[in-house]
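Data first, discussion second: the structure below is written as C-alpha coordinates.
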Amino acid sequence: MIWAVIPAAGRGSRFGGETPKQYLEIAGRPLIAHALDALLSHPRIAGAMVALSKNDALWPGWANLHGKPVLRCVGGGERADSVLAALQALPVEVGSDTLVLVHDAARPNLRSEDLDRLIAAASAHADGAILGAPVRDTLKRADAAAHIAATEPRERLWRAFTPQAFRRGALTAALEQAQAQGIVVTDEAMAMERVGAHPALVEGREDNLKVTTPADLALARYLISNR
Ligand SMILES: Nc1ccn([C@@H]2O[C@H](COP(=O)(O)OP(=O)(O)OP(=O)(O)O)[C@@H](O)[C@H]2O)c(=O)n1
Ligand SMILES: C[C@](O)(CO)[C@H](O)COP(=O)(O)O
(Lines give C-alpha, C1' and ligand atoms only; values in the text may rest on other atoms or scores of the structure.)
(Ligands and ions follow the chains in the order given, each with its own letter.)
Protein backbone atom coordinates (compact mmCIF):
# COMPACT_ATOMS: atom_id res chain seq x y z
CA MET A 1 0.00 0.00 0.00
CA ILE A 2 1.30 3.48 -0.90
CA TRP A 3 -0.33 6.79 0.06
CA ALA A 4 0.02 10.23 -1.49
CA VAL A 5 0.43 13.48 0.43
CA ILE A 6 -0.40 16.66 -1.46
CA PRO A 7 0.70 20.02 -0.02
CA ALA A 8 -1.93 22.42 -1.39
CA ALA A 9 -2.17 25.14 1.27
CA GLY A 10 -0.01 27.74 -0.45
CA ARG A 11 -1.23 31.18 -1.49
CA GLY A 12 0.79 31.56 -4.70
CA SER A 13 2.42 34.91 -3.87
CA ARG A 14 4.93 34.61 -6.75
CA PHE A 15 2.06 33.84 -9.14
CA GLY A 16 -0.04 36.79 -8.02
CA GLY A 17 -3.77 37.23 -8.42
CA GLU A 18 -6.69 36.49 -6.12
CA THR A 19 -7.05 32.76 -6.67
CA PRO A 20 -4.32 30.49 -5.32
CA LYS A 21 -2.70 28.86 -8.37
CA GLN A 22 -3.61 25.27 -7.38
CA TYR A 23 -7.27 26.18 -8.12
CA LEU A 24 -6.67 27.74 -11.54
CA GLU A 25 -8.03 25.74 -14.45
CA ILE A 26 -6.19 23.58 -16.93
CA ALA A 27 -8.31 21.77 -19.53
CA GLY A 28 -11.48 22.43 -17.52
CA ARG A 29 -10.22 21.18 -14.13
CA PRO A 30 -8.35 22.82 -11.27
CA LEU A 31 -4.59 22.36 -11.35
CA ILE A 32 -4.72 20.28 -8.15
CA ALA A 33 -7.18 17.86 -9.75
CA HIS A 34 -4.58 16.97 -12.41
CA ALA A 35 -1.98 16.26 -9.71
CA LEU A 36 -4.42 14.15 -7.69
CA ASP A 37 -5.61 12.30 -10.80
CA ALA A 38 -2.05 11.42 -11.84
CA LEU A 39 -1.39 9.90 -8.42
CA LEU A 40 -4.72 8.14 -7.75
CA SER A 41 -4.92 6.64 -11.23
CA HIS A 42 -1.79 4.65 -10.38
CA PRO A 43 -2.73 1.11 -9.20
CA ARG A 44 -0.20 1.11 -6.34
CA ILE A 45 -1.53 4.26 -4.69
CA ALA A 46 -4.34 3.61 -2.19
CA GLY A 47 -5.44 7.14 -1.27
CA ALA A 48 -4.39 10.73 -0.68
CA MET A 49 -4.21 13.24 2.14
CA VAL A 50 -4.46 16.85 0.93
CA ALA A 51 -3.21 19.71 3.10
CA LEU A 52 -5.43 22.73 2.36
CA SER A 53 -5.59 26.26 3.69
CA LYS A 54 -8.18 26.36 6.48
CA ASN A 55 -10.63 28.38 4.37
CA ASP A 56 -10.36 26.17 1.29
CA ALA A 57 -12.86 23.40 0.65
CA LEU A 58 -12.42 20.12 -1.13
CA TRP A 59 -13.67 20.37 -4.69
CA PRO A 60 -16.76 18.05 -4.83
CA GLY A 61 -15.16 15.76 -7.41
CA TRP A 62 -12.30 14.99 -5.04
CA ALA A 63 -14.26 12.88 -2.59
CA ASN A 64 -13.06 9.63 -4.12
CA LEU A 65 -11.14 9.90 -7.35
CA HIS A 66 -10.79 6.48 -8.97
CA GLY A 67 -12.78 5.03 -6.06
CA LYS A 68 -9.97 5.88 -3.62
CA PRO A 69 -10.21 8.04 -0.47
CA VAL A 70 -9.12 11.67 -0.74
CA LEU A 71 -8.85 13.05 2.80
CA ARG A 72 -8.07 16.61 3.87
CA CYS A 73 -6.30 18.37 6.69
CA VAL A 74 -5.34 21.97 7.40
CA GLY A 75 -1.85 22.94 6.18
CA GLY A 76 0.68 25.17 7.87
CA GLY A 77 2.69 28.33 7.41
CA GLU A 78 5.43 26.69 5.36
CA ARG A 79 5.22 23.90 2.80
CA ALA A 80 7.06 21.60 5.21
CA ASP A 81 4.49 22.33 7.93
CA SER A 82 1.72 21.35 5.54
CA VAL A 83 3.48 18.11 4.62
CA LEU A 84 4.02 17.28 8.30
CA ALA A 85 0.37 18.03 9.13
CA ALA A 86 -0.73 15.68 6.35
CA LEU A 87 1.62 12.90 7.49
CA GLN A 88 0.31 13.24 11.05
CA ALA A 89 -3.32 13.19 9.79
CA LEU A 90 -2.99 9.99 7.75
CA PRO A 91 -5.23 7.13 8.93
CA VAL A 92 -3.76 4.86 11.60
CA GLU A 93 -3.74 1.94 9.15
CA VAL A 94 -1.08 3.78 7.17
CA GLY A 95 1.78 2.26 9.16
CA SER A 96 5.23 3.64 9.87
CA ASP A 97 6.84 1.59 7.09
CA THR A 98 4.24 2.58 4.50
CA LEU A 99 5.71 4.39 1.52
CA VAL A 100 4.33 7.91 1.17
CA LEU A 101 4.70 9.97 -2.02
CA VAL A 102 4.72 13.73 -1.39
CA HIS A 103 3.72 15.67 -4.50
CA ASP A 104 3.15 19.38 -5.01
CA ALA A 105 -0.42 20.27 -5.99
CA ALA A 106 1.36 22.84 -8.20
CA ARG A 107 2.83 20.09 -10.43
CA PRO A 108 -0.05 19.04 -12.71
CA ASN A 109 1.88 17.18 -15.39
CA LEU A 110 3.12 14.11 -13.48
CA ARG A 111 3.21 11.04 -15.75
CA SER A 112 2.70 7.41 -14.84
CA GLU A 113 6.06 6.24 -16.20
CA ASP A 114 7.80 8.57 -13.74
CA LEU A 115 5.64 7.22 -10.91
CA ASP A 116 6.52 3.64 -11.84
CA ARG A 117 10.24 4.39 -11.75
CA LEU A 118 10.08 6.40 -8.53
CA ILE A 119 8.08 3.69 -6.72
CA ALA A 120 10.52 1.00 -7.87
CA ALA A 121 13.52 3.01 -6.67
CA ALA A 122 11.97 3.99 -3.32
CA SER A 123 10.83 0.43 -2.68
CA ALA A 124 14.38 -0.82 -3.20
CA HIS A 125 16.21 1.89 -1.22
CA ALA A 126 15.68 2.28 2.53
CA ASP A 127 16.46 6.01 2.38
CA GLY A 128 13.73 6.65 -0.19
CA ALA A 129 13.91 8.36 -3.58
CA ILE A 130 12.94 11.55 -5.39
CA LEU A 131 12.31 12.53 -8.96
CA GLY A 132 14.68 15.08 -10.43
CA ALA A 133 16.85 15.94 -13.40
CA PRO A 134 20.59 16.63 -13.81
CA VAL A 135 21.45 20.29 -14.39
CA ARG A 136 22.28 20.66 -18.09
CA ASP A 137 22.81 24.42 -18.28
CA THR A 138 25.78 26.43 -17.15
CA LEU A 139 25.00 27.91 -13.72
CA LYS A 140 25.80 31.51 -12.87
CA ARG A 141 25.94 33.16 -9.44
CA ALA A 142 24.44 36.67 -9.63
CA ASP A 143 25.57 39.74 -7.73
CA ALA A 144 23.11 42.26 -6.20
CA ALA A 145 22.88 44.00 -9.58
CA ALA A 146 22.02 40.74 -11.38
CA HIS A 147 25.43 40.74 -13.03
CA ILE A 148 27.47 37.56 -13.21
CA ALA A 149 29.61 37.15 -10.12
CA ALA A 150 30.77 33.60 -10.82
CA THR A 151 30.14 30.40 -12.73
CA GLU A 152 29.20 27.55 -10.41
CA PRO A 153 30.38 23.97 -11.03
CA ARG A 154 27.47 21.82 -12.17
CA GLU A 155 28.98 18.33 -12.03
CA ARG A 156 26.55 15.97 -10.29
CA LEU A 157 24.07 18.81 -9.60
CA TRP A 158 20.39 17.88 -9.94
CA ARG A 159 17.13 19.81 -9.74
CA ALA A 160 14.71 18.20 -7.30
CA PHE A 161 11.13 17.58 -8.41
CA THR A 162 8.22 15.82 -6.71
CA PRO A 163 6.94 13.25 -5.89
CA GLN A 164 9.45 12.49 -3.19
CA ALA A 165 8.98 9.02 -1.69
CA PHE A 166 9.79 8.02 1.88
CA ARG A 167 8.49 5.77 4.60
CA ARG A 168 5.89 7.51 6.72
CA GLY A 169 7.57 7.12 10.11
CA ALA A 170 11.06 8.18 9.00
CA LEU A 171 9.81 11.21 7.10
CA THR A 172 7.50 12.30 9.91
CA ALA A 173 10.35 12.12 12.44
CA ALA A 174 12.74 13.98 10.16
CA LEU A 175 10.24 16.78 9.51
CA GLU A 176 9.37 17.01 13.21
CA GLN A 177 13.09 17.36 14.02
CA ALA A 178 13.61 20.09 11.42
CA GLN A 179 10.53 21.94 12.67
CA ALA A 180 11.68 21.68 16.28
CA GLN A 181 15.09 23.09 15.29
CA GLY A 182 13.45 25.98 13.40
CA ILE A 183 14.92 24.79 10.10
CA VAL A 184 12.69 25.46 7.07
CA VAL A 185 13.30 22.60 4.65
CA THR A 186 12.27 23.27 1.06
CA ASP A 187 11.71 19.62 0.20
CA GLU A 188 11.29 16.30 2.06
CA ALA A 189 14.72 15.04 0.98
CA MET A 190 16.37 17.96 2.79
CA ALA A 191 14.80 16.84 6.06
CA MET A 192 15.89 13.24 5.43
CA GLU A 193 19.44 14.35 4.56
CA ARG A 194 19.62 16.20 7.88
CA VAL A 195 19.11 12.90 9.69
CA GLY A 196 21.78 11.17 7.64
CA ALA A 197 19.75 9.65 4.79
CA HIS A 198 20.96 9.54 1.20
CA PRO A 199 17.81 9.23 -0.93
CA ALA A 200 18.13 7.97 -4.49
CA LEU A 201 17.80 10.40 -7.39
CA VAL A 202 15.50 9.16 -10.17
CA GLU A 203 15.68 11.04 -13.45
CA GLY A 204 12.20 12.22 -14.38
CA ARG A 205 10.56 14.07 -17.22
CA GLU A 206 11.55 17.73 -17.59
CA ASP A 207 7.88 18.58 -18.20
CA ASN A 208 6.94 17.69 -14.60
CA LEU A 209 7.07 21.41 -13.99
CA LYS A 210 6.00 23.29 -10.88
CA VAL A 211 3.56 26.08 -11.70
CA THR A 212 5.07 29.09 -9.89
CA THR A 213 4.42 32.00 -12.29
CA PRO A 214 1.80 32.77 -14.99
CA ALA A 215 4.31 31.71 -17.67
CA ASP A 216 4.51 28.28 -16.02
CA LEU A 217 0.72 27.98 -16.16
CA ALA A 218 0.70 28.79 -19.87
CA LEU A 219 3.32 26.07 -20.46
CA ALA A 220 1.43 23.58 -18.31
CA ARG A 221 -1.77 24.27 -20.25
CA TYR A 222 0.08 23.68 -23.52
CA LEU A 223 1.69 20.45 -22.31
CA ILE A 224 -1.51 18.96 -20.90
CA SER A 225 -3.61 19.98 -23.89
CA ASN A 226 -1.09 18.45 -26.31
CA ARG A 227 -0.31 15.11 -24.64
N1 LIG B 1 2.48 26.84 3.49
C2 LIG B 1 2.42 26.14 2.33
C3 LIG B 1 3.14 26.60 1.18
C4 LIG B 1 3.07 25.85 0.01
N5 LIG B 1 2.30 24.72 -0.01
C6 LIG B 1 2.18 23.94 -1.24
O7 LIG B 1 3.45 23.48 -1.65
C8 LIG B 1 3.50 23.39 -3.08
C9 LIG B 1 4.75 24.08 -3.65
O10 LIG B 1 4.82 25.35 -3.08
P11 LIG B 1 4.90 26.71 -3.97
O12 LIG B 1 5.00 26.39 -5.40
O13 LIG B 1 5.93 27.58 -3.35
O14 LIG B 1 3.44 27.31 -3.70
P15 LIG B 1 3.11 28.65 -2.91
O16 LIG B 1 3.73 28.64 -1.57
O17 LIG B 1 1.64 28.80 -3.02
O18 LIG B 1 3.82 29.74 -3.84
P19 LIG B 1 4.56 31.08 -3.35
O20 LIG B 1 5.84 30.60 -2.67
O21 LIG B 1 4.81 31.80 -4.64
O22 LIG B 1 3.62 31.79 -2.41
C23 LIG B 1 2.21 24.03 -3.60
O24 LIG B 1 1.32 23.01 -4.05
C25 LIG B 1 1.65 24.78 -2.40
O26 LIG B 1 0.23 24.82 -2.41
C27 LIG B 1 1.61 24.28 1.13
O28 LIG B 1 0.92 23.24 1.09
N29 LIG B 1 1.70 24.99 2.28
C1 LIG C 1 9.49 20.60 -3.30
C2 LIG C 1 10.00 21.30 -4.53
O3 LIG C 1 9.00 21.32 -5.52
C4 LIG C 1 11.22 20.59 -5.05
O5 LIG C 1 11.81 21.33 -6.08
C6 LIG C 1 10.38 22.77 -4.22
O7 LIG C 1 11.39 22.80 -3.23
C8 LIG C 1 9.19 23.57 -3.74
O9 LIG C 1 9.65 24.90 -3.56
P10 LIG C 1 8.57 26.04 -3.28
O11 LIG C 1 9.35 27.32 -3.17
O12 LIG C 1 7.88 25.62 -2.01
O13 LIG C 1 7.65 26.03 -4.46
Side-chain angles (χ1 to χ4, degrees), residues 4-26 29-39 48-59 62 70-90 100-110 114 118 122 128-135 139 157-166 171 174-175 178-179 182-194 199-217 219-220:
V5 160
I6 316 289
R11 296 297 87 188
S13 57
R14 286 171 287 179
F15 192 97
E18 290 298 310
T19 307
K21 61 191 182 185
Q22 59 269 34
Y23 302 117
L24 298 177
E25 281 204 5
I26 297 181
R29 295 193 298 165
L31 206 143
I32 183 174
H34 291 273
L36 270 172
D37 195 22
L39 290 157
M49 175 64 72
V50 184
L52 296 170
S53 179
K54 65 179 182 303
N55 301 318
D56 293 354
L58 264 176
W59 163 60
W62 287 349
V70 178
L71 312 177
R72 62 160 292 174
C73 70
V74 177
E78 299 290 343
R79 179 186 176 282
D81 299 322
S82 296
V83 173
L84 181 54
L87 287 165
Q88 292 168 336
L90 284 169
V100 174
L101 271 58
V102 183
H103 184 59
D104 295 328
R107 290 183 189 264
N109 198 37
L110 175 62
D114 275 5
L118 177 67
I130 74 168
L131 286 179
V135 169
L139 295 178
L157 279 190
W158 284 54
R159 294 155 49 229
F161 301 155
T162 68
Q164 303 198 1
F166 301 101
L171 180 56
L175 286 169
Q179 191 182 69
I183 303 291
V184 177
V185 294
T186 56
D187 71 350
E188 288 63 63
M190 185 177 166
M192 295 297 292
E193 295 155 42
R194 289 179 53 80
L201 286 157
V202 178
E203 184 165 355
R205 295 171 59 109
E206 286 279 357
D207 60 7
N208 176 16
L209 79 162
K210 181 164 68 73
V211 174
T212 306
T213 66
D216 299 326
L217 180 62
L219 178 54

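Sequence positions, counted from 1, serve as the residue numbers for this chain. Note that the structure is predicted; figures quoted are calculated from it, not measured. For ligands, and for the atoms within them, numbers begin at 1 and follow the listed sequence.
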Starting from [atom], find the nearest protein heavy-atom neighbour and note its residue, name and distance.
atom	result
atom 12 (O) of ligand 2	Arg79 CD, 3.6 Å
atom 10 (P) of ligand 2	Arg14 NH2, 3.6 Å
atom 23 (C) of ligand 1	Pro7 O, 3.7 Å
atom 7 (O) of ligand 1	Arg79 CG, 3.4 Å
atom 7 (O) of ligand 2	Thr186 O, 2.7 Å
atom 9 (O) of ligand 2	Lys210 CE, 3.9 Å

Location of contacts on [X] toward ligand 1, heavy atoms closer than 4.0 Å:
X	answer
Glu78	backbone
Ser82	side chain
Lys21	side chain

Point to revise | Sub-4.0 Å heavy-atom contact, Arg107 with ligand 2 | key: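 Yes, Arg107 has heavy atoms under 4.0 Å from ligand 2.
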Practice item. Give a yes/no verdict on whether any heavy atom in Glu188 is under 4.0 Å from an atom of ligand 2. Key: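 The answer is no, since Glu188 has no heavy atom less than 4.0 Å from ligand 2.
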With [atom] as the reference point, say which of [options] has the nearest heavy atom.
atom	options	value
atom 9 (C) of ligand 1	Ile6, Asp187, Asp104, Asp216	Asp104
atom 5 (O) of ligand 2	Ala80, Ala189, Ala160	Ala160
atom 25 (C) of ligand 1	Gly10, Pro108, Ala86, Ala85	Gly10
atom 1 (N) of ligand 1	Ala80, Gly76, Gly16, Ala106	Gly76

Ionic contact status for [Y] with [X], cut-off 4.0 Å:
X	Y	answer
Glu206	Arg159	yes
Glu18	Arg11	no
Asp104	Arg79	yes
Arg29	Asp37	yes

Review point. Does Ala51, backbone or side chain, put an N or O under 3.5 Å from an N or O of ligand 1?
Key: no
Point to revise | Thr212 N/O under 3.5 Å from ligand 1 N/O | key: no
Review point. Are Gly75 and ligand 1 in contact, using a heavy-atom cut-off of under 4.0 Å?
Key: no
Check your understanding: Any donor-acceptor pair under 3.5 Å linking the side chain of Asp114 with the backbone of Arg205?
Key ->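 Side chain of Asp114 to backbone of Arg205: a pair is present.
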Check your understanding: Looking at Gly77, which atoms of ligand 1 are within less than 4.0 Å of one of its heavy atoms?
Key ->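 Counting atoms of ligand 1 from 1, those under 4.0 Å from Gly77 are 1 (N).
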Point to revise | Interfacing atoms of ligand 2 (cut-off 4.0 Å, heavy-atom, Asp104) | key: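 With Asp104 as reference, the close atoms of ligand 2 come out as 1 (C), 2 (C), 3 (O).
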